[in-house]
Novice: 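Structure provided below as C-alpha cells; questions to follow.
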There are 2 protein chains.
Amino acid sequence: MATIYDIAKKAGVSVATVSRVLNGVDHPVREETRQKIIEAAKELGYRPNKIAKSLAHRRTYTVALLIPSITNNFYTEIAEVIEQKLGEKGYSTYLCNTQRMIEKETQYVDDLIARRVDGVIFSPTRVKPEDNLVNAKNLEELRKNGIAVVAFGSHFSNVSQVYINTYEGALEATRYLLELGHRRIGFIDGLEAGTRKSRRRGYIDALKMAGISIDASLIVSGNLEMDGGYECVKKLMRLANPPTAIIVVNNFMAIGALKGAKDMGINVPEELSIIGFDDSKLSEVVEPPLTVVKQPLKEIGDVAVELLMEQMEREGAPRMVKLKTQLVVRASCARRK
Amino acid sequence: MATIYDIAKKAGVSVATVSRVLNGVDHPVREETRQKIIEAAKELGYRPNKIAKSLAHRRTYTVALLIPSITNNFYTEIAEVIEQKLGEKGYSTYLCNTQRMIEKETQYVDDLIARRVDGVIFSPTRVKPEDNLVNAKNLEELRKNGIAVVAFGSHFSNVSQVYINTYEGALEATRYLLELGHRRIGFIDGLEAGTRKSRRRGYIDALKMAGISIDASLIVSGNLEMDGGYECVKKLMRLANPPTAIIVVNNFMAIGALKGAKDMGINVPEELSIIGFDDSKLSEVVEPPLTVVKQPLKEIGDVAVELLMEQMEREGAPRMVKLKTQLVVRASCARRK
DNA sequence: ATAATACAAGTAACCGATTACCTATACGTC
DNA sequence: GACGTATAGGTAATCGGTTACTTGTATTAT
C-alpha cells in the first residue's frame, strides 16, 4: 500500500510537502507542485493511514458508546443519533454493549484506554441486578487516563451528563391517573433500572401530595423484560384489594404487564389502567396502545454528543443538562368507574 | 502517559526486553528481570498503546459492522451477537449505520480503509429505494485494499457470505396458506428489501406448483416501514376480489398491514390471514400474534463472524453458508371459511 | 582447554504519518 | 548593493511500539 514516501518519490518532492498538500496545511506550495503531488497520489491509489495519523496527533477521532443493551429500543434510538452526529464530526464510534454484565464493562474500559479513544458516551451497567450501584471505578479510570466522558442514565458527580427528569415524569403520570379518579395505584419497579429510585419517588410524592397513604403491597419489582412485568401484574391483581391503575417503569415490562392482565381476563383500560415508561413502536402496536412517559431519546443523543465535544475540545468544567419527559396519552388508561 | 521507554529506564533494561515481557513473547528472560519490569509497569500506571501496536503490526484488531439500519430488530439482534463474538476474539467493532443512504455507505468505506480495519461485516444498502441494486464498487474497494469482507442480506459473487434461504421461506409460508384452504393470496413487497426477489419468487412458485395462476393485482409494494404495510393492505383489500390471505416481506410492514386491516374493520385471522417475515418482540405482542417466517438471526451473526475469521486469518477462498428460515406459527392465520 | 551452544539482553531500523526548524531563492526598499 | 522578508520546500526528530540482528556471558560437549 502506497505511503507518502512513495508519493514524494514519484512527485520528486519531500514528504513534508506531500503531507502539507494532502492535508491542506497553511504553508505555501506552488500550484504546479501541488498538482504533481495530487496526481501521484491518485495514480498510486494512495489511502491515508489514520493509524499513523493518530499516533502522530495523539488523537484517534474515535469515540466509544458504552451501554448495557442494544436490543432495547431505548438504547438503540439513542445510539442511532449519537453515531450519526459523531460521524458528521469526523468521529468513528465503537459499539460496546455490556449486556448488563459488569465484568464486561470493566474489560471494555481497559480496552478503550489501550485504544486511546478520545471520548466515551457512557450509560453505566448496574453491579448487581438487585442493587442500584454502578462501578464508579470504571468511570474514574477513563478520566484518569485523560479520556473525555459523558454519562447518561445514571448519576455521577463531576462528570458531564444528560439527565432525564424521570421524577417529574412519574409525578405527572401518577397525577394523570389521580385525575382519572384512581385511588389505588400500583407501581411495578425494575430490579436494575438506573433512575428507578426517582421514578418511585415521583410516584410516592404524587400520592402523598394528594393525601393518599402509601400501601407497600402495591409496589412490586421484577426483571426488566416482558416476563418481569407479566409476573408483577399477576402479583398485584391477586391482591385482596387490587389496584385500578398501574405505573410500570420500563417499556418491555409495561407490555408484559398488559399481557398478564389480559391473560387474567382483566380488561384494559376498563378494569385496569396502565402507564408505561419509554416510548417505542411496541407501545403503539399493542392493544390497547399504551399511554407512556416518553423519554426524549433523540435529544438525549444530541445533547450527549454536544457535551462530549465540549469535553474533548475545551476540557471545561463538567456540565449537566436536564431533559424533560413527556406524557404520551394513548388508550391504556380510563376513568375509574 | 507512561511508555515502554519509561518502564525500561525505571527497570534498568532495554525496551526490547520490556516489550517481550509485556507481550509474553517466546524469548528467554530472567524471572528477576521480568518481575522488575512488571513492577515498574504497575507503578507507572502503564497502559499499552494499541495505536502504536497497530502501526507496527499492520493489524488493528478492529472490525466494522456496516448495515442499513440499527433501529430495526433484524439488524440489532444480529449486531448483538456479532459484537459479542468479535469482542471475545479480541476485536473491537465500529458501528456504521448508513440509514439506508447509499452516499453514507461510500463515505464509511472510505473511512474504514483509512482506519485500516481488518475486516468488515457488510449488509449492503440499496442504491435507490425503487431498485434492487447495491453498490458493488464499495465492496470491491474494500477488497482491493486488502480488507476481509463478509456479506449478508444480499448477493455478491466472490465474497464470503451468509445467505438466508428466503425463497424456501416464502415457499413454505405460501404452502401453509394453501393448506389452510386459501386460493387468493396477496403479496406485499418492500421497495428496497435485499432478497425480496427470492421471496417473491418463492411465493409465485408455490402458487404455480399448486396450479394457481398469478394475479398481478395481488402483488403490491410499499416502503419498509409500518406505513408501507398499512397502505398496501388497503390497496389489496379494496380490490373487487380481495385476497383472503397475505404474505408480507418484512416485520414492520406486516404489523402495519395488520393495523390497516383492523382499521378497515377486517378481522384477522377470521376474514384475513397474515404472515410476516422476520420475528421480533413486535410480532409476539400484537393482537393477534403474528405467524412469521423467522430468520435465524443469532446464527447469521455467528456464521458471519466465523467466515470473517477465516478470511482474516487464512485468506482462503470465499465461502457461502446457507441458512434456513423457520415458520413460526402463531395466531394470525386461519382456515378459509 | 577450547569450541559449540544456550541464555539473556541490547541496538537500531521500521511501521506511516506530522511538524518544528532550517535553507535557498526571489523580491522590494532605502 | 545590502538587508529584510516572503515564498517554497527540505531535514530529521517524534509519536509508541515491534523485532531482526547482534553481543556478551554461562554452560555443555569434545
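Letters A, B, ... mirror the listed sequences (proteins, then strands); counts begin at 1. These values consider heavy atoms only, across backbone and side chains, with no hydrogens, waters or symmetry-generated copies.
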Novice: Any idea which of C:dA9, C:dG10, C:dT18 is nearest the B:R30 side chain?
Specialist: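 Within the option list, the nearest is C:dA9.
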Novice: Specify the separation, in whole Å, of atom NE2 of A:H27 and atom P of C:dA24.
Specialist: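 Atom-to-atom, A:H27 to C:dA24, this comes out as 15 Å.
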Novice: Rounded to the nearest 0.5 Å, what separation is found between the CD1 atom of A:I70 and the CD atom of B:Q84?
Specialist: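 So the gap between those two atoms works out to 11.5 Å.
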Novice: On the side chain of B:H57, is there an atom forming a donor-acceptor pair with the base of D:dG17 - under 3.5 Å, no angle test?
Specialist: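 Donor-acceptor pair under 3.5 Å: no.
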Novice: Among the nucleotides D:dC15, D:dA12, D:dA8, which one has an atom lying closest to any side-chain atom of A:R58?
Specialist: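 Output: D:dC15.
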Novice: Is it true that B:F152 and B:Y163 have ring centroids separated by less than 6.0 Å?
Specialist: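 No, the ring of B:F152 stays outside the 6.0 Å limit from the ring of B:Y163, centre to centre.
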Novice: Is a donor-acceptor pair below 3.5 Å formed from side chain A:R20 to base D:dG10, judging by atom type as modelled?
Specialist: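 Under the 3.5 Å cut-off, the side chain and the base do form a donor-acceptor pair.
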Novice: To the nearest angstrom, how far is B:I7 atom CD1 from D:dG16 atom C1'?
Specialist: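 The answer, rounded to whole Å, is 11 Å.
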Novice: Which nucleotide, C:dA9, D:dG16, D:dG10, lies nearest any side-chain atom of B:T33?
Specialist: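 Taking heavy atoms from C-beta onward, the closest nucleotide is C:dA9.
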Novice: Side chain of B:V15, heavy atoms from C-beta onward: which of D:dG10, C:dA12, D:dG17 has the nearest atom to it?
Specialist: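 My answer, after comparing the listed nucleotides, is C:dA12.
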Novice: How long is the line joining CG of A:L55 and C1' of D:dT18, in whole Å?
Specialist: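 After rounding, the reported distance stands at 13 Å.
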Novice: Looking at A:R143 and A:E140, does any basic side-chain N land under 4.0 Å from a carboxylate oxygen?
Specialist: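 Between A:E140 and A:R143 there is no salt bridge, as every charged N stays at least 4.0 Å from the carboxylate O atoms.
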Novice: Run the salt-bridge test on A:D111 and A:R115 with the 4.0 Å N-O cut-off and return the result as yes or no.
Specialist: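 Here A:D111 pairs with A:R115 in a salt bridge, since their nearest N and O are under 4.0 Å apart.
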Novice: Taking OP1 and OP2 of C:dT18, is either one under 4.0 Å from a side-chain nitrogen or oxygen of A:K53?
Specialist: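 Answer yes for this pair, as a side-chain N or O of A:K53 is under 4.0 Å from OP1 or OP2.
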Novice: Given D:dT18, C:dG10, C:dT18, identify the nucleotide with an atom nearest to the side chain of B:T17.
Specialist: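 Nearest listed nucleotide: C:dG10.
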Novice: Between C:dA17, D:dT18, D:dC15, which nucleotide gets closest to the side-chain atoms of A:A52?
Specialist: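 For the A:A52 side chain, the nearest candidate turns out to be C:dA17.
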Novice: Is A:E306 paired with A:R319 through a side-chain N to carboxylate O contact shorter than 4.0 Å?
Specialist: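 Between A:E306 and A:R319 there is no salt bridge, as every charged N stays at least 4.0 Å from the carboxylate O atoms.
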Novice: Among D:dG16, D:dT19, D:dG9, which nucleotide sits nearest the side chain of A:V29?
Specialist: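 Selected nucleotide (nearest to the side chain): D:dG9.
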Novice: Output yes when at least one side-chain N/O atom of A:N23 is less than 4.0 Å from OP1 or OP2 of C:dT18, else no.
Specialist: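 Answer yes for this pair, as a side-chain N or O of A:N23 is under 4.0 Å from OP1 or OP2.
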Novice: Let me know the distance between OH of B:Y5 and P of D:dC15, rounded to the nearest Å.
Specialist: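 It works out to 10 Å between those atoms.
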Novice: Taking the side chain of A:S14 as heavy atoms from C-beta outward, which of C:dA9, D:dC15, D:dG10 is closest to it?
Specialist: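 It is D:dG10.
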